[in-house]
Colleague: 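Once you've had a glance at the structure underneath, I'll fire off some questions.
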Amino acid sequence: MEGHQGKLVLKLFLLLSLAVSLVLGATDPNDLAILNQFRKGLENPELLKWPENDDPCGPPEWDHVYCEGTRVTQIQVQNLGLKGPLPQNFNQLSMLKNLGFQRNQFSGPLPTFSGLKNLVYLFLDFNGFDLIPGDFFDGLDALEVLALDGNNFNGSSGWMFPPQLANSAQLVNLTCSSCNLVGPLPDFLGKMASLQVLTLSGNRLSGKIPESFKGMTLSSLWLNNQDGGGMTGPLDVLTTMESLSVLWLHGNQFNGKIPESIGNLTSLKDLNLNSNQLVGLVPDTLANLGLDKLDLSNNHLMGPVPKFKAANSSYNSNAFCQTKEGLLCNPEVMALIELLDGLNYPSRLVSGWSGNDPCQNWFGVSCDPNGKVSVINLPKLNLNGTLSPSLAKLDSLHQVRFGNNNLGGSVPPEWTSLKSLTLLDLSGNNISPPLPTFSSSVKVVIDGNPLLNGNPSKTVPSPENSPSSGESTSTPNNSSSLTPSRGSRNNNGTSEQPESSKRSSLVPIIAPIASVAVAAFLLVIPLSIYCCRTRKGALAPSSLVIHPRDPSDPDNLLKIVVANNTNGSTSTVTASDSASRHSSGMGESHVIEAGNLVISVQVLRNVTKNFAPENELGRGGFGVVYKGELDDGTKIAVKRMEAGVISSKALDEFQAEIAVLSKVRHRHLVSLLGYSIEGSERLLVYEYMPQGALSKHLFHWKSLNFEPLSWKRRLNIALDVARGMEYLHTLAHQSFIHRDLKSSNILLGDDFRAKVSDFGLVKLAPDGERSVVTKLAGTFGYLAPEYAVTGKITTKADVFSFGVVLMELLTGMMALDEERPEEKQYLAAWFWRIKSDKDKLMAAIDPALDVKGEKFDSISAIAELAGHCTAREPNQRPDMGHAVNVLAPLVEKWKPLDDDTEEYSGIDYSLPLNQMVKDWQEAEGKDLSYIDLEDSKGSIPARPTGFAESFTSADGR
């Protein structure tokens, strides 16, 4: 009886469930409501063929709707011609996986798709949507395909992908052609590892290809036909994307040469570079690619047309010397193209030099009756770059006129072989010594070149002259009186000198009393913030001592630690044999893909004697720096993050230091040798800098039993720091703001040459004079007032800090010292009040300096420069190139008569690289033949050519 009753209850339950199902339907009520709302908003809902009262999830299911259980997971209405808006609560269809709305006439604002965490495919392309909300991409973590093409989002203002899109880590296809994107591409796109197709044609994109795109695994990239000028910059980053099969860049302003490394793109089948600003020769590596289609038309490419392997190639409207593939150019044409290469292909000359006959109306070129180039007349054209040895091939050349440009580098000694040359005018440039010895029949005009310093006898023998003659010959009509240039610096690290630079650049500051009062008020603001924070206990110590690489290595080869991770022992090999050791299994060193050395913690424990207290070099907010010694006696410095300070901020600084120091390399910036990440350990490894921080030699020399720094050394240190900062600001491939320039972050080698260190707070600088808003960071006493007050920063904040360092070099006083009388506590504010009073300035100079005669003249010049650098308004401060231009002549000019105890480093850093290397070889008796002089671009490489120089980029810091 009980069993019968149980069966009856079960039947009743099933019948009741069926009845409820029939009443409620098979579709989630909220999903059904949204679908009905969507239908009612359409102008032509009949195209959907959805019945009025049926259940979307059926059975049978509505057309174009797909369900799983009671939930709608797909809607596919593509190409139906539907008109109208979408409901603003559309994201409540929370189980959607696939949405196909493409090629309709939907309009109005897009609803947010925030929270659709299951959405994998989203096609909204080729409709009439006019607005995309800011939170549209929030939570779309499963997205793999996103198509937004053909929608005019956000009208005249346009839009750009927000950072939230980066959370869609599985995104494979991203297409947004003609969707009203504006501005530069965001860096995070380059870090989306799954992305294979990126189609962004027909927008208003600008700026360069981000460095983060380096090594991306894209197969297809469309950036073509941008309105409003288009994208700019070189193509170098793209040549690292070796998976590319389609690359469309036409209709932009990409410039520079086509890199030789484009040959790395062996998978490339379709390359379109039509209508850009590309210059120079077509590299053979491109010609040899087996492309299906190649379009180079409408650029400024020069030289011969190579024989292309491409099945279909176009190259019309360029400046090629020939019209047919494979034909060579006139040798004189090739020599002039090499000249353009050294001058960075100035547009005025590129547009005026085409064809195969330089005697046919080439701008600035004249020929003799025999049709040979006899005169090159290119003055006052704002030319940058260096002089090419190729002019030596123009054997009929009589006159070369390059006066009043911005040319740098040295005069090629090959030019002395020009037998017909009678005039060489290089006046008003920034030519560097040495000056080759020309025949007495050649009139050489070099006045107005600050780096030559009015010393025409500083020459190098021509190739035809005997090197043993020991004679230096003056050239006719050379100026012997030059003044420091006030110009900026060009891309080759040389000075740009405008016409006004013929006058003295050391212009005194004549400021009204009211202006000085306002300046003093602004300068006191950071001090007030400092005092307030000190009272609240918020100020943490921030000075660190880091000891980076010194240029002189005992055998002039990079040494690599080969570590045995079992026992912590080390051996040392050079870069030349490290590859064979690594491949043969000798040792267990680990090199990451970017090529930088990762050293095990056990090795660093071993070489620092387990971070023994007696090896401690310094302490700071980051942790402790220890001295270490490898088995062969090489000294290193190990910067160790203390466990107690491991925070997100500290880790950001750790990562930033690696990222910045792997991107920039300069003789006056520290060089990173390696790093270690194991467990909670975070360590950075640098070469040992024996003399430590500048601050020790300025403020603590008595207690440390040091000799006080002479004026000559202080001038050299100031120039070294200025050159390092100038490189960071304007000469590196990206512009950086240091944010913590101070005397404790300036390190000295055995020869007292200086390097800037501690790059944990570095930020990328915006283009032009724009500022970037950031959290306040740095050290009080060195902070620019506008940064301390507003948080807005430009490179001029570093200029302010440099001015404070100059004041410290002059006075021997710390930037901020609460032990001093109140009016002197903040050095910058006090120095501004006394700098224009000769008697007060004399009294303020460091007592360790013997101030008299010519020395005081240079001290006055530095005081004036310090005042310029700490002007109250950022736009009133010079750039670091100006500081270099002021300091360089002073360093050369100031030669003490009674300073026999000092020794110079033996290297004249104003010389071109090949001459520096030669001098170094002769002075040290060392072989530097491994250095690739052509690839080094003006500075001694810290590593042999071929050794990888870059880490993966930091995350936008």
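All of these numbers come straight from a predicted model, not from anything done at the bench.
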Colleague: Evaluate the criterion side-chain contact (heavy atoms from CB on, under 4.5 Å) for residue pair Asp879 and Thr730; output intermediate values, then yes/no.
Modeller: CA-CA 9 Å; Asp879 56 25; Thr730 60; 5.7 Å; no
Colleague: How about Arg753 and Asn716: do any of their side-chain heavy atoms sit closer than 4.5 Å?
Modeller: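 Touching, per the 4.5 Å side-chain cut-off.
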Colleague: Enter the distance from Glu808:CD to Leu694:CG here, rounded to the nearest 0.5 Å.
Modeller: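 Interatomic distance, Glu808 CD to Leu694 CG, rounded to 0.5 Å: 7.5 Å.
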Colleague: Do Val625 and Val638 make a side-chain contact, defined as non-hydrogen atoms from C-beta onward lying under 4.5 Å apart?
Modeller: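 The answer is no, as the side chains (C-beta and beyond) never meet within the 4.5 Å cut-off.
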Colleague: Can you confirm whether the side chains of Asp798 and His729 place a donor and an acceptor under 3.5 Å from each other?
Modeller: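 Result is yes, a qualifying pair exists.
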Colleague: For a 4.5 angstrom cut-off between non-hydrogen side-chain atoms, does Asn875 reach Lys796?
Modeller: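 No, too far: nothing below the 4.5 Å cut-off.
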Colleague: Is there a side-chain contact between Phe800 and Pro874, using heavy atoms and a 4.5 Å cut-off?
Modeller: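 With C-beta onward as the side chain, the pair stays apart.
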Colleague: How long is the gap from CG on Leu715 to CD1 on Ile717, to the nearest 0.5 Å?
Modeller: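 So the CG of Leu715 and the CD1 of Ile717 are separated by 9.5 Å.
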Colleague: Between the side chains of Lys742 and Asp758, is the shortest nitrogen-to-carboxylate-oxygen separation below 4.0 Å, so that they form an ion pair?
Modeller: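 No, no charged N to carboxylate O under 4.0 Å.
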Colleague: Is any side-chain heavy atom of Cys869 less than 4.5 Å from a side-chain heavy atom of Arg877?
Modeller: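 Of all side-chain heavy-atom pairs linking Arg877 with Cys869, none is under 4.5 Å.
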Colleague: Please list, chain by chain and in numerical order, all residues satisfying side chain to side chain contact (heavy atoms under 4.5 Å, CB included) with Ala883, sequence neighbours excluded.
Modeller: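 Once residues adjacent in sequence are excluded, the partners of Ala883 under the side chain to side chain contact (heavy atoms under 4.5 Å, CB included) criterion are Ala722, Phe802, Leu865, Met880.
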Colleague: Do the side chains of Val804 and Phe831 get nearer than 4.5 Å, heavy atoms only?
Modeller: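 The answer is no; the side chains never approach within 4.5 Å.
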Colleague: Could you check whether any side-chain heavy atom of Leu816 comes within less than 4.5 Å of a side-chain heavy atom of Thr779, counting everything from C-beta outward?
Modeller: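 In short, these two side chains do not touch, never coming nearer than 4.5 Å.
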Colleague: Show the numbers, then the answer: is there a side-chain contact (heavy atoms from CB on, under 4.5 Å) between Ile862 and Leu887?
Modeller: CA-CA 8 Å; Ile862 300 303; Leu887 288 163; 3.2 Å; yes
Colleague: Test side-chain contact (heavy atoms from CB on, under 4.5 Å) on Trp701 and Lys696 and set out the steps.
Modeller: CA-CA 6 Å; Trp701 59 274; Lys696 291 183 176 181; over 6 Å; no
Colleague: Scan side-chain atoms only and decide if Asn406 and Asn429 contain a donor-acceptor pair under the 3.5 Å cut-off.
Modeller: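 No.
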Colleague: Rounded to the nearest 0.5 Å, what's the gap from CE on Met725 to CD1 on Ile746? Could you check?
Modeller: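 One gets 9.0 Å once the value is rounded to the nearest 0.5 Å.
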Colleague: Considering all heavy atoms of both residues, which atom of Ile793 and which atom of Ala797 are nearest to each other, and what is their separation?
Modeller: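 Between these two residues, the closest heavy atoms are CG1-CB, 3.5 Å.
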Colleague: Less than 6.0 angstrom separating the ring centers of Phe752 and His697, yes or no?
Modeller: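 Yes.
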Colleague: Measuring from atom CG of Asp857 to atom CG of Leu890, what distance do you get when rounded to the nearest 0.5 angstrom?
Modeller: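 Answer for the CG-CG pair, Asp857 versus Leu890, is 10.0 Å.
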Colleague: What is the minimum heavy-atom distance between Ser432 and Leu452, and which atoms define it?
Modeller: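 Heavy atoms of Ser432 and Leu452 come nearest at C-CD2, 3.7 Å.
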Colleague: Can you name the nearest heavy-atom pair linking Leu617 to Tyr626, along with the distance?
Modeller: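 What the structure gives for the nearest pair is CD1-C, 3.8 Å.
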Colleague: Please report the C-alpha distance between Ser427 and Asn404 in whole Å, then the side-chain angles of each, then the deciding distance to 0.1 Å, and finally whether the side chain to side chain donor-acceptor pair (under 3.5 Å) criterion is met.
Modeller: CA-CA 6 Å; Ser427 58; Asn404 296 297; 4.6 Å; no
Colleague: Does Tyr782 offer a backbone N or O that forms a donor-acceptor pair with the side chain of Ser801 under 3.5 Å?
Modeller: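 Present.
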Colleague: Can you name the closest pair of heavy atoms from Gly724 and Leu669 and give their distance?
Modeller: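 Here Gly724 and Leu669 meet closest at O-CD2, 3.7 Å.
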Colleague: Tell me, with the steps shown, if Lys824 and Glu818 meet salt bridge (Lys or Arg N to Asp or Glu O under 4.0 Å).
Modeller: CA-CA 9 Å; Lys824 291 186 177 182; Glu818 293 181 288; over 6 Å; no
Colleague: For Met807 and Ala828, which heavy atoms make the closest approach, and how far apart are they?
Modeller: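 What the structure gives for the nearest pair is SD-CA, 3.7 Å.
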Colleague: Step by step, would you call Asp846 with Arg714 a salt bridge (Lys or Arg N to Asp or Glu O under 4.0 Å)?
Modeller: CA-CA 11 Å; Asp846 190 343; Arg714 296 186 198 210; 3.0 Å; yes
Colleague: Any chance you could lay out the side-chain contact (heavy atoms from CB on, under 4.5 Å) test for Asp817 and Tyr826, step after step, and finish with the verdict?
Modeller: CA-CA 7 Å; Asp817 187 354; Tyr826 187 38; over 6 Å; no
Colleague: Spell out, as yes or no, whether a donor-acceptor pair under 3.5 Å connects the side chain of His738 to the backbone of Leu741.
Modeller: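 It does hold such a pair.
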Colleague: Report the residues that fulfil side chain to side chain contact (heavy atoms under 4.5 Å, CB included) with Met813, sequence neighbours left out, ordered by chain and then residue number.
Modeller: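 Checked Met813 against side chain to side chain contact (heavy atoms under 4.5 Å, CB included); matches are Thr811, Arg820, Leu827, Trp830.
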Colleague: Enter the distance from Lys835:NZ to Ser860:OG here, rounded to the nearest 0.5 Å.
Modeller: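 Output value for this atom pair is 11.5 Å.
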Colleague: More than 12 foreign heavy atoms under 6.0 Å from CD of Glu823: is that the case here?
Modeller: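 Atom CD in Glu823 is crowded, with more than 12 foreign heavy atoms closer than 6.0 Å.
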Colleague: Check His668 against Arg723 and note the closest heavy-atom contact, atom names and distance.
Modeller: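 Taking every non-hydrogen atom into account, CD2-CB, 3.9 Å.
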Colleague: Is there a side-chain contact between Tyr688 and Ile636, using heavy atoms and a 4.5 Å cut-off?
Modeller: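 Tyr688 vs Ile636: side chains apart.
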Colleague: Is a side-chain donor or acceptor of Asn449 paired with a backbone partner of Leu451 at a separation under 3.5 angstrom?
Modeller: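 Not at all, since once roles are kept as given, no pair shorter than 3.5 Å links the two residues.
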Colleague: Any chance you could measure Leu407, atom CG, to Ser410, atom OG, to the nearest 0.5 Å?
Modeller: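 The CG atom of Leu407 sits 12.0 Å away from the OG atom of Ser410.
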Colleague: When you check the gap from the basic side-chain N to the acidic O, do Arg640 and Glu616 get nearer than 4.0 Å?
Modeller: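 Salt bridge absent between Arg640 and Glu616.
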